[in-house]
Participant: 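Below is the structure I would like to discuss, written out as structure tokens.
For ligands, and for the atoms within them, numbers begin at 1 and follow the listed sequence. Throughout, residue positions are numbered sequentially from 1 according to the sequence presented.
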Amino acid sequence: MTTPDETSESTPETADTTPTSDKRELRFDTSWSYAPAPESTDHIRLESTYGLFIDGEMVEPASGERFSTINPARDEKLADVSMAGAADVDRAVQAARQALEGPWGQMSDAERGKILFRVARMIQERARELAIIESLDGGKPIRESRDIDIPLVAAHFFYYAGWADKLEFAFPGRHARPLGVAGQIIPWNFPLLMAAWKLAPALATGNTVVLKPAETTPLTALKLAEILQDAGVPPGVVNIVTGAGETGAELVQHPLVDKVAFTGSTEVGKIIQRALAGTSKRFTLELGGKAANIVFEDAAIDQAVEGIVNGIFFNQGHVCCAGSRLFVQESVADLLVAKLKDRMATLIVGDPLDKNTDIGAINSSDQLEKIESYLEIGKSEGVEVYQPSCSVPDSGFWCRPTLFLGCAQSHRVVQEEIFGPVLAVQTFRTVDEAIKKANNTPYGLSGGVWTDKGAKAFRISDKLRAGVVWANTYNKFDPSSPFGGYKESGVGREGGLHGLSPYLELSA
Ligand code: NAI
Ligand code: MG
């Protein structure tokens, strides 16, 4: 289903089993297609080799070791980046500590805010370049990086810049002091947005930072280093150390790090929590999810179909809060699944830089392997695996949008985070059954409810054990709104006013 030599003639996993009676409902004509509309990369400047950003300069890694970051849509190298080891992490943390005692710590709150506003504006000015690099390095469609990621990156800096000189109003009657040096480790699904989620509140509250981007998507963070310098962020306030898991582990363990902020897998989150046990370091963890999207018979079905597609297929399902479990009320299940299959047939999988693309490249060959292993697991569990017969490019890593039909609660494809454009479908009869099934998972990051009845939407969102619940929409983000998980989905909140206190020591 994702082998390179397949064309539009390739056979789907399973034949379309939509009942003929449901086909009358189908609205889309798939007999035509868009002409390619690729974004130009002519104005993008990438170095062939990147150093580490430490103390305001690009420096060589102590070991001289590098690794490549590739464009997953072509399986082609984009640049070599530096592998930071223990000595480099130490150098970065020392620089952050000095900056804390130096210019950053002595700067007025208003001045710090002014610099962050400048960062936000410069991100807006360079939005197109950042969006293209994000899509090149990570494989996400340009429509997502251009319309969602980069605007939200700027919005986060604007939002937290505004708090920098208003902390006494955020925490009335209390004295707010920065924690010190924050070690921040981020994943590859929203590379620059996760950097902004972490950096903006840390800097607004007066901390300094050592940031470790994910190994497959380091380039926009390194571009951000240029912006931070141009905006007048003093040397050492933000240091960026590229590398893999070991680099992250060095950062977590460094004795001069006061706070760890991590977004990534639950597995690594647990490793970090164990490493921090017994230390005085504070931490916030944003981990995995297996969100339930619940559709009631009284919902606007077409709208729900769009929300489901947006919730799991866009951005290749590489979203921690993706609506990866669909619960449909039995009376509308056949109709909804028919409409969903119809909509899936129109989704365009391919060149992330093409403005028409809905589903870009899977971020890495490892991630594709993981997704494909779950397709096999689904089959071996007796689940029906459905994919539309859309074409995928010849090289790179691709996965067609996929439904697992006829799932049960006990199936691994229902319980485990897959992180791909694959949706496990189940049905329910009553509200209580929907709530019980939705909550039956070790995760609790997010959820969605689709209904015409406001009271039902409120009742369900109250009962779902999840940090965010969207009603009649999905995957909507705003910097002023807190985000975070229940259960194995994490510890602490990021975003909004809630996102300030994890970076502050509050005293009377
Ligand atoms: P990961 O959790 O290994 O990587 C996230 C970040 O943590 C990266 O920067 C990585 O270098 C770093 N890291 C890895 N091991 C570390 C350690 N021992 N100490 C400190 N930092 C460490 O995620 P990975 O391997 O990229 O993806 C595996 C699975 O994790 C995915 O298939 C997906 O299910 C899930 N995932 C969830 C994300 C989320 O936002 N909830 C984001 C990325 C992945
Ligand atoms: Mg890459």
Side-chain angles (χ1 to χ4, degrees), residues 46 50 67-81 83-84 89 133-140 183-191 193-195 197-198 210-222 240-254 257 260-276 283 285-291 315-322 324 352 360-374 396-397 416-420 422 443 445-446 467 483-485 488-490 494:
L46 286 176
Y50 283 91
F67 62 101
S68 302
T69 184
I70 63 155
N71 172 356
R74 297 189 171 186
D75 197 4
E76 269 172 17
K77 180 163 109 176
L78 288 168
D80 284 323
V81 293
M83 182 68 87
V89 170
I133 297 173
E134 201 73 312
S135 285
L136 278 174
D137 202 12
K140 67 168 60 196
Q184 306 185 320
I185 300 166
I186 55 173
W188 41 261
N189 53 346
F190 290 87
L193 184 56
M194 288 303 108
W197 274 33
K198 301 271 182 279
V210 179
L211 176 80
K212 198 208 77 73
E215 45 272 51
T216 56
T217 53
L219 294 179
T220 42
L222 293 165
I240 300 175
V241 289
T242 46
E246 296 77 47
T247 312
E250 292 293 346
L251 186 55
V252 169
Q253 282 151 23
H254 197 290
V257 165
V260 173
F262 171 78
T263 298
S265 61
T266 294
E267 190 191 346
V268 172
K270 287 180 182 174
I271 295 173
I272 291 177
Q273 217 168 355
R274 277 197 291 273
L276 295 179
F283 60 91
L285 307 171
E286 300 282 357
L287 310 175
K290 191 77 180 179
N315 209 17
Q316 305 74 249
H318 292 344
V319 185
C320 48
C321 48
S324 50
I362 299 302
N363 183 262
S364 64
S365 62
D366 284 354
Q367 189 59 29
L368 179 58
E369 227 171 81
K370 177 177 172 185
I371 298 168
E372 288 182 335
S373 78
Y374 274 102
F397 316 125
E416 297 172 18
E417 185 181 49
I418 302 175
F419 232 61
V422 296
Y443 297 111
L445 194 57
S446 58
F483 185 87
E488 293 197 13
S489 287
E494 292 185 320

Participant: Classify the side-chain pair Y374/E416 by whether it contains a donor and acceptor separated by less than 3.5 Å.
Facilitator: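 Note: Y374 and E416 side chains meet the donor-acceptor criterion.
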Participant: Backbone, side chain, both or neither: what part of E215 comes under 4.0 angstrom of ligand 1, heavy atoms only?
Facilitator: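 Only the side chain of E215 comes within reach of ligand 1.
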Participant: With respect to atom 40 (O) of ligand 1, which of G317, C320, A322, G245 exhibits the smallest heavy-atom separation?
Facilitator: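 Considering heavy atoms of G317, C320, A322, G245, the nearest to atom 40 (O) of ligand 1 sits in C320.
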Participant: Let's test this: below 2.8 Å, count the protein N/O/S atoms around the Mg ion (ligand 2).
Facilitator: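 Considering protein N, O and S only, the Mg ion (ligand 2) has 5 within range.
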Participant: Apply side-chain contact (heavy atoms from CB on, under 4.5 Å) to F483 and L445, showing your working.
Facilitator: CA-CA 8 Å; F483 185 87; L445 194 57; 4.1 Å; yes
Participant: May I ask you to test the K290-I418 pair for a side-chain heavy-atom distance under 4.5 Å?
Facilitator: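 Yes - at least one pair of side-chain heavy atoms lies under 4.5 Å apart.
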Participant: For ligand 1, which atoms have a heavy atom of A244 less than 4.0 angstrom away?
Facilitator: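 Reading through ligand 1 atom by atom, the close ones are 11 (O).
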Participant: With the side chain counted from C-beta on, respond yes when T263 and I185 share a heavy-atom pair under 4.5 Å apart, and no when they do not.
Facilitator: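 In short, these two side chains do not touch, never coming nearer than 4.5 Å.
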Participant: Would you say atom 9 (O) of ligand 1 has a protein heavy atom nearer than 4.0 Å?
Facilitator: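 Flag for atom 9 (O) of ligand 1 set to true, protein heavy atom closer than 4.0 Å.
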Participant: Only counting residues at least two apart or in another chain, list the ones meeting side-chain contact (heavy atoms from CB on, under 4.5 Å) with L276.
Facilitator: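 Scan of L276 (side-chain contact (heavy atoms from CB on, under 4.5 Å), adjacent residues dropped) gives V252, V260, I272, T279, K281, F283.
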Participant: With side chains defined as the heavy atoms from C-beta onward, is the minimum distance between P187 and M194 less than 4.5 Å?
Facilitator: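 A side-chain contact exists here, since the closest heavy-atom pair is under 4.5 Å.
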Participant: Considering non-hydrogen atoms of the protein only, which is the closest contact for atom 19 (N) of ligand 1, and what is the distance?
Facilitator: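 Answer, as residue, atom name and distance: A249 N, 3.5 Å.
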Participant: Less than 4.0 Å between a side-chain N and a carboxylate O, is that true for E494 and K198?
Facilitator: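 Yes.
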Participant: Numbering the atoms of ligand 1 from 1, which are under 4.0 Å from a heavy atom of G288?
Facilitator: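 In order of number, 41 (N).
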Participant: Looking only at protein heavy atoms, which one is nearest to atom 18 (N) of ligand 1, and how far off is it?
Facilitator: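 Answer for atom 18 (N) of ligand 1: I271 CG2, 4.0 Å.
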Participant: Considering all heavy atoms of both residues, which atom of S265 and which atom of L287 are nearest to each other, and what is their separation?
Facilitator: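 It is O-CD2, 3.6 Å.
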Participant: Is V252 in polar range of ligand 1, meaning some N or O pair under 3.5 Å apart?
Facilitator: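 The answer is no, given that V252 and ligand 1 share no N or O pair closer than 3.5 Å.
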Participant: Starting from the C-alpha separation in whole Å, work towards a yes-or-no answer on ring pair (Phe, Tyr, Trp, His ring centres under 6.0 Å) for F190 and W197.
Facilitator: CA-CA 10 Å; F190 290 87; W197 274 33; 8.2 Å; no
Participant: For ligand 1, is any non-hydrogen atom under 4.0 Å from L287's backbone (N, CA, C, O), its side chain (CB onward), both, or neither?
Facilitator: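 Near ligand 1, L287 shows its backbone, while the atoms from C-beta on stay back.
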Participant: To which protein heavy atom is atom 3 (O) of ligand 1 closest, and what is the distance rounded to 0.1 Å?
Facilitator: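 Looking at atom 3 (O) of ligand 1, the protein heavy atom closest to it is V268 CG2, 3.5 Å.
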Participant: Closest non-hydrogen protein atom to atom 30 (O) of ligand 1, residue and atom name please, with distance?
Facilitator: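 The closest one turns out to be S265 CB, 3.0 Å.
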Participant: Are the side chain of N71 and the backbone N or O of A73 linked by a donor-acceptor pair below 3.5 Å?
Facilitator: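 Yes; judged by distance alone, with no hydrogens or angles, the pair exists.
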Participant: Do E488 and T266 have side-chain N/O donor and acceptor atoms under 3.5 Å apart?
Facilitator: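 No.
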Participant: When you compare ligand 1 with K212, is there at least one nitrogen or oxygen pair between them that comes in under 3.5 angstrom?
Facilitator: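 For ligand 1, there is an N or O atom that lies under 3.5 Å from one belonging to K212.
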Participant: Check this for me - ligand 1, E286, N or O atoms closer than 3.5 angstrom, yes or no?
Facilitator: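 Such a contact does not occur with ligand 1.
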Participant: Taking C-beta and beyond as the side chain, do P352 and K140 meet within less than 4.5 Å on heavy atoms?
Facilitator: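 Heavy-atom side-chain distance check fails, nothing below 4.5 Å.
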Participant: Evaluate I186 for polar contact with ligand 1, using N/O atom pairs at a separation under 3.5 Å.
Facilitator: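 Right, the criterion is met.
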Participant: Would atom 32 (O) of ligand 1 count as contacted, meaning some protein heavy atom under 4.0 Å?
Facilitator: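 Under the 4.0 Å cut-off, atom 32 (O) of ligand 1 does have protein heavy-atom neighbours.
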Participant: State, with a plain yes or no, whether a side-chain heavy atom of E215 is found less than 4.5 Å away from one of F67.
Facilitator: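 Yes; the side chains approach each other to less than 4.5 Å.
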Participant: Run through T242, I240, L219 and flag the one making a side-chain contact (heavy atoms from CB on, under 4.5 Å) with Y50.
Facilitator: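 Among the candidates, only L219 passes.
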Participant: Please compare K370, E417, E369 and report which has the shortest non-hydrogen distance to atom 29 (C) of ligand 1.
Facilitator: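 Among K370, E417, E369, the closest heavy atom to atom 29 (C) of ligand 1 comes from K370.
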Participant: Hey, which atoms in ligand 1 end up nearer than 4.0 Å to a heavy atom of I185?
Facilitator: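 Here the atoms of ligand 1 in question are 6 (C), 7 (O), 9 (O), 12 (C), 20 (C), 21 (N).
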Participant: Could you see which bit of Q367 sits under 4.0 Å from ligand 1, with heavy atoms only: side chain, backbone, both or neither?
Facilitator: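 Side chain only.
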Participant: For D75, enumerate each residue passing the side-chain contact (heavy atoms from CB on, under 4.5 Å) test, keeping only those at least two apart in sequence or located in another chain.
Facilitator: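 Per chain and number, D75 pairs via side-chain contact (heavy atoms from CB on, under 4.5 Å) with I70, F397.
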Participant: Going by the order shown, which atoms of ligand 1 are within less than 4.0 Å of some heavy atom of P187?
Facilitator: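 So the answer, numbered in order with elements, is 42 (C), 43 (C).
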Participant: Got the closest protein heavy atom to atom 38 (C) of ligand 1, with its distance?
Facilitator: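 Scanning the protein heavy atoms, the shortest distance from atom 38 (C) of ligand 1 goes to F419 CZ, 3.4 Å.
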Participant: For atom 7 (O) of ligand 1, which candidate among F262, W188, F190 holds the nearest heavy atom?
Facilitator: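 Ranked by closest heavy atom to atom 7 (O) of ligand 1, first place is F262.
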Participant: Which residues satisfy the side-chain contact (heavy atoms from CB on, under 4.5 Å) test with T217, sequence neighbours excluded?
Facilitator: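 Residues passing side-chain contact (heavy atoms from CB on, under 4.5 Å) with T217: D137, W188, P191, A214, N363.
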Participant: Which of the numbered atoms in ligand 1 are below 4.0 angstrom from a heavy atom of G248?
Facilitator: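 Heavy-atom distances to G248 below 4.0 Å select 19 (N), 20 (C), 21 (N).
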Participant: So, H318 side chain and F419 main chain: donor-acceptor pair closer than 3.5 Å or not?
Facilitator: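 Confirmed, H318 side chain pairs with F419 backbone.
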